[in-house]
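These notes are about the structure you will find just below.
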Amino acid sequence: MPQKKLSIRIDGELISAVEGQTILQAAKANGKYIPTLCDLEGLTPVGACRLCIVEVSGTDRLFPACTTPIQDGMSVTTTSKRLTQDRRISLELLLVERNHVCAVCVSNGHCELQSMASAMGISTVRFVYNYPKLGVDLSHPRFVLDHNRCILCTRCVRVCAELEGAHVWEVTSRGIHSRIVSDLNQKWGESRGCTSCGKCVQACPTGALAEKGWAVEEMVKKNDKISALVHRREVQV
Amino acid sequence: MKRITIDPVTRIEGHAKIVIQLDDNGRVAGTEFHVTQVRGFEKFTEGRPFYEMPGITARICGICPISHLLASSKACDAILAVRIPPAAKKLRELVHCAQMVQSHALSFFYLSSPDLLLGMDSDMATRNVLGVIATHPELARDGIELRKFGLQIIEGLAQERVHPSWIVPGGVNSPLSGQVRDRILSDLPSAKVIADRTIQFFKKAIDNYKDEIEFFGSAPTMYAGLVDRKGNLQFYDGGLRFRAASGEIVEDQIAPEDYADWIGEASLRESYLKAPYFKPQGFPEGAYRVGPLGRINAADQCGTSKADAEFAEFHQRFGSPAHSAFLYHYARLIEIVHALEKIELLLADPQILDKHVRATGGVNSLEGVGMIEAPRGTLIHHYKVNEQGGIIWANLIVATGHNNLAMGRGIQQVSEHFIDGNKLQEGMLNRVSAVVRAYDPCLSCSTHALGEIALRVQLMGANGELLDEIATP
Ligand code: SF4
Ligand code: SF4
Ligand code: FES
C-alpha cells in the first residue's frame, strides 16, 4: 500500500513527508537540523533527553521531534529563543546530574554530550552540581560501565533489545535514582544474556560505556556501524 | 573544536603558610611549611579503572602533568606486567627531557632570575620577570626561547601542550614521525647555545652571592635521586640512591617496588603534605633532598660530555655533596645541558621512529609502582587494584613532599636571622621566599603569574599564641 503523502511546514518552508514519520524524520529527510541526543537512527525513539523539542503552531506545548508523528498541515518551528533556552536547561541539568569530568574522561573530544554542550555555547552551568556518589562496573572482561557519565538516554537498552536481541540492559528506580542495570541488577560480567557484541558500547553517546584500557580521549565510538546494521536488516532478500 | 571542561575538583587557593614555633626561651624551636595539595586524591580515585590514573593524576597536579603521566603510566605498566616497546621507552624519555628543559627554564628565568639579577632586596613591584625583561632583555629572550624549544617537542609528540594524553599505560599512543624528529634536530643547536650561555653567565654571577650560598638553607642533609648501575644521572629509569651528607652512598639501586622499605611518610600536623623520611634513620633525622641538587649530589656523573664537564666544575667549586639550597639554580642549569644532550642522543637512534609503541594487557599484577625523576625531584605513584582493575588504594609521593623536611630546616636557618624577640623583621619575607623558590616547589595553589610565591609567615609563641604575622600582598 503506498504511504500517504502529507504536507507540513518546517520553519515556514513547505515540505512533503509521508504519514507515520516523526517530525525528526521528516526534518532529516529534508535536510533540516534538529539537535538530538538520545535518538539513534534505527532504534525506537523514546524522547528521553528533550533536546529535540520543537514548537508546533496552534499549541503552546513543546513537542519532542523524535517521538511526535507528523500531521497534515502541521507547522513546526525548530529554532527560537524559547527553544534554545529550554534545550540549554535540559543539557545543563544533564551535566549537573552526575559527575562529568571531561578532562579525565575516555570520551573527551569524542563525546556527543560534550559536543552538544559546546555547540550550544555552554561553558558553565547555572545549577548546583549534584555530585552523586556512583560506582564503576569493571566486571565485564572487555567493557566498562561508569554510572558517573551516564545520561540515561537508554540507547544501550534499546540497541541490546532491538538489535542484538539480548535484553541485557534495563532502567531501574525512578527519577534522580534511575540507573541502568544489567540483567536483574547483577554485575555486567555476571550477566548470562550478554553476548559481548559491544553494540551498547558503540551506541552510548558518552563515556559511560567504553572499551577497557583506553586512556583519556582515546575512546572513539563507531555508532555509524549501528545504523549500517539496521539498514542491512531492512534490505529484503 | 572548542572543548569544555567541567571540573568538580576545585583548586585550593591561598597562601603557602610557614609557621615558626618559638620555645620558652624565645628561640626557634621548629619551622613548618604547610601546603595544601592533592587533597582527597585517594578517595577520589577509589573504584576507578587503573588505566585512567595517568589522566586523572595529570589533571590533579596541573603543574607538571607530564611527570605524573609518566610515573602513573609506569605504575600501570607494572599492573599490566608488560615490558613496553623499546621505541615507546625512548619516546617517553624524549618527552621527559623536553619537559625537564622547559620546566627548568621556567623556574630559572621566570621565578629565580628576578632575585638573582635584580637583587633580593630590590623593589617587590619590579622584582619579577617583567623587571628582568626591562633590565636584561637578552637573558629574558633566552629563557623564552629555551622554554619554547621544550614545549615544541612536547607539542610535536603529544599534540597538545599542557595535558597530553599521549603517554598511556603500555607505552605511548602514536609513533614519532621523521618530520617531527628533523624539526627538533634543527632547533637543537640554538637551544644548546642558549643553555651554554646561561650557565656561563650564572657561573660569573654566582660570586656575588657568597652570603646566600652560605646561609641559604645550607644545612647538610642526605640526597636522593635515580641513577643507573654505573651511577649516571637518570631522569626516567634507574634505581634510587641515597647519599649521606658526608658523601658516602648509604643505599643504592632501590627498585621502585621497594620504595616503602626505605621511605617512611610522617604526617605533619596541620599540613596536608606528608613528610617522607629515610626509614633507617627515622623521623625527622632521615631528612633528605631531591630535585636538581639532590640528583646532582646523588649521581657520580651525568653520562654526557658537556654536562659532565659542568658537573665536575660544580663539585670542584662547592664540594661533593654541595649543600646550599642556592645551588639548586646551578644544578638546574647543568640538567638543562644534560637534557639537551640526551635529546640529541635519543633522536640519533633510528629505533626511535619504530612504529610499534604500545603494549597491551589485562590486570596481571594487583599492585604497581612507578618512579621517575620529575623536574622537582623523585616522583612515586603506587596503586593497588582489585582483580577487575579497579583502584582500591593509591599513594603518591611528590617531589615537594620529599623536600618538605629539608625545606623546613632551610627556612628555619634563614628565619633565625630575622626574628627579633616577638617580631618578624623586614626583609625576612624576601629571604624566606627565595629559599622556597630555590626548591621550586609545586605550589600550584600559591604560585602567582609573575612568579612571586604567595607566602604567609606566622610566628607562634611557646603556648601556641600568634605573636606576629606577615604575608606577601
Ligand atoms: S555487549 Fe551486546 S549483548 Fe552485551 S549488553 Fe552490550 S549490546 Fe547487549
Ligand atoms: S550507559 Fe550510555 S547508552 Fe546507556 S543510558 Fe547511559 S548514556 Fe545512554
Ligand atoms: S532526541 Fe528526542 S528526546 Fe532525545
Side-chain angles (χ1 to χ4, degrees), chain A residues 91-92 94-96 98-111 113-125 127-149 187-190 207 210-219, chain B residues 1-10 41 43-62 65 68-69 72-73 76 79-80 82 158-160 162-174 358-363 385-392:
Chain A
L91 258 183
E92 288 181 39
L94 283 180
L95 292 169
V96 298
R98 304 221 172 161
N99 306 307
H100 293 278
V101 192
C102 299
V104 300
C105 179
V106 284
S107 286
N108 191 5
H110 318 282
C111 171
L113 175 65
Q114 185 188 47
S115 50
M116 193 56 81
S118 146
M120 292 201 182
I122 298 176
S123 50
T124 49
V125 293
F127 307 113
V128 179
Y129 280 98
N130 192 30
Y131 295 130
K133 192 162 170 26
L134 295 169
V136 184
D137 184 349
L138 277 154
S139 59
H140 194 285
R142 284 175 49 204
F143 309 126
V144 42
L145 160 64
D146 186 348
H147 289 288
N148 293 288
R149 299 167 183 160
K187 291 250 170 221
W188 190 2
E190 288 156 20
E211 292 157 1
K212 275 190 171 173
W214 291 122
V216 179
E217 299 175 14
E218 288 193 315
M219 181 71 225
Chain B
M1 202 194 82
K2 200 174 147 245
R3 217 166 254 174
I4 53 162
T5 307
I6 299 145
D7 211 328
V9 187
T10 342
F41 162 83
K43 267 270 151 285
F44 178 77
T45 55
E46 209 177 279
R48 304 293 325 167
F50 73 94
Y51 53 79
E52 282 190 356
M53 294 303 272
I56 295 176
T57 52
R59 304 277 164 164
I60 292 181
C61 307
H68 286 286
L69 280 168
S72 179
S73 293
C76 293
I79 290 171
L80 298 170
V82 293
Q159 284 115 33
E160 194 188 339
V162 184
H163 283 300
S165 50
W166 177 73
I167 303 154
V168 294
V172 297
N173 86 357
S174 57
R358 190 170 189 170
T360 53
V363 180
V385 296
N386 60 27
E387 259 134 56
Q388 295 161 354
I391 294 281
I392 53 177

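Contact record, A:Val136 with B:Gly47: CB-O, 3.7 Å, taken as the closest heavy-atom pair. Here the closest non-hydrogen pair linking B:Arg358 and A:Gly213 is NH2-O, 3.8 Å. Taking both residues in full, the closest heavy atoms of B:Pro49 and A:Val144 are given as CG-CG2, 4.4 Å, listed atom of the first, atom of the second, then distance.
Residue contact with chain A, scored on non-hydrogen atoms closer than 4.5 Å, is absent for B:Pro54.
Remark: A:Glu218 CD to B:Tyr51 OH distance equals 11.0 Å, nearest 0.5 Å.
Looking at heavy atoms from C-beta onward, A:Trp214 lies out of side-chain contact with B:Asn173 at the 4.5 angstrom threshold. Residues B:Arg48 and A:Asp146 have side chains in contact (heavy-atom distance under 4.5 Å, counting atoms from C-beta outward).
Between chain B and the options A:Leu138, A:Asn148, A:Thr124, A:Val104, heavy-atom pairs under 4.5 Å are most frequent for A:Leu138.
Taking a cutoff of 4.0 Å between a charged side-chain nitrogen and a carboxylate oxygen, A:Lys212 and B:Glu52 do not qualify as a salt bridge.
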